[in-house]
Amino acid sequence: MSSVDETINNFIGVAERFLGVREGTPQHSIILALYNSSKPADEYQMGTSDPWCAAFVGAVSGGCGLQNVIPVSAHCGRLEEALKKTGAVCTTTPVRGDIALFDWNGNGKYDDHVGIVTEVLGINVKTIEGNKNDSVERRYITVGA
């Protein structure tokens with residue numbers, strides 16, 4: 001197994017450990033603390049009542065020591081911009097370990113929600129997302145739907 005595969009497995013494994021965590025629980029506070037300890041100085045300090053999908057991705061990134069590869073941000077739009085600065089590209093062909101940014105408003109900005117791609121089966125993708133129904137949950141989506 002390559003070091004890239006090991007890194008992706010570790011990244012997804014950390015995200016999976018948080019599956020089922022509900023907003024407002026002690027485990028949710030752990031996610032926020034991990035985010036807050038990993039964030040750059042100019043990023044927002046998360047509280048328990050803030051939207052936290054991007055902070056979840058940041059917490060996982062920081063928990064794996066990947067914040068130099070996967071930027072840490074509490075805002076989906078700023079996360080998208082930070083990813084672009086690393087050379088990341090927007091694609092309609094996601095792969096395992098990608099960051100899925102959602103544009104549900106159809107405004108061309110991917111600032112509505114974010115998750116981590118854990119599996120790709122043809123045009124179907126499985127993600128882990130923070131703040132989905134106020135918890136860390138999986139989502140099954142069809143690319144382009």
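Position 1 is the first residue of the sequence, and the numbers go up from there. Values in this document were obtained by computation on a predicted structure and should not be read as measured data. When reading the values below, keep in mind they use all heavy atoms of this one structure, side chains included, and skip hydrogens, waters and symmetry mates.
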[X] side chain vs [Y] backbone, donor-acceptor pair below 3.5 Å:
X	Y	result
N36	M46	yes
Y35	A74	yes
D5	N9	no

Over all atoms of both residues, closest heavy-atom pair of [X] and [Y]:
X	Y	value
C53	G130	CB-O, 3.2 Å
S38	G62	OG-CA, 3.3 Å
T48	S29	CG2-OG, 4.4 Å
L101	V114	CD2-CG2, 3.6 Å
E43	K39	O-NZ, 3.3 Å
V120	P94	CG2-O, 3.4 Å

Applying a strict under-4.5 Å side-chain criterion to I, L, V, M, F, W and Y, I'd like to know whether [X] and [Y] cluster together.
X	Y	answer
V117	V143	yes
F102	Y140	no
V125	I123	no
I141	V95	no

Any side-chain heavy atom of [X] sitting closer than 4.5 Å to one from [Y]?
X	Y	value
V136	I31	yes
P40	V72	yes
V60	F11	yes

Discussion item. Between the side chains of K84 and E80, is the shortest nitrogen-to-carboxylate-oxygen separation below 4.0 Å, so that they form an ion pair?
Written reply: yes
Item to complete: List the steps, then state whether side-chain contact (heavy atoms from CB on, under 4.5 Å) holds for V69 with T86.
Response: CA-CA 7 Å; V69 178; T86 70; over 6 Å; no
Distance, nearest 0.5 Å, that separates [atom1] of [X] from [atom2] of [Y]:
X	Y	atom1	atom2	result
E129	L19	CD	CG	11.0 Å
E23	N133	CD	CG	11.0 Å
S73	L83	OG	CG	9.0 Å
E137	N131	CD	CG	10.0 Å
I116	R138	CD1	CZ	11.0 Å
S3	I8	OG	CD1	9.5 Å

Worksheet item: What residues, two or more places apart in sequence or in another chain, satisfy side chain to side chain donor-acceptor pair (under 3.5 Å) together with S61?
Response: none
Practice prompt. Write out all pairs satisfying salt bridge (charged side-chain N to carboxylate O under 4.0 Å, His left out) with one or both partners inside residues 48-68, taking only residues at least two apart or from two chains.
Written response: none
Worksheet item: When the ring planes of F18 and F56 are compared, do they come out parallel, tilted or perpendicular, using 30° and 60° as the limits?
Response: perpendicular
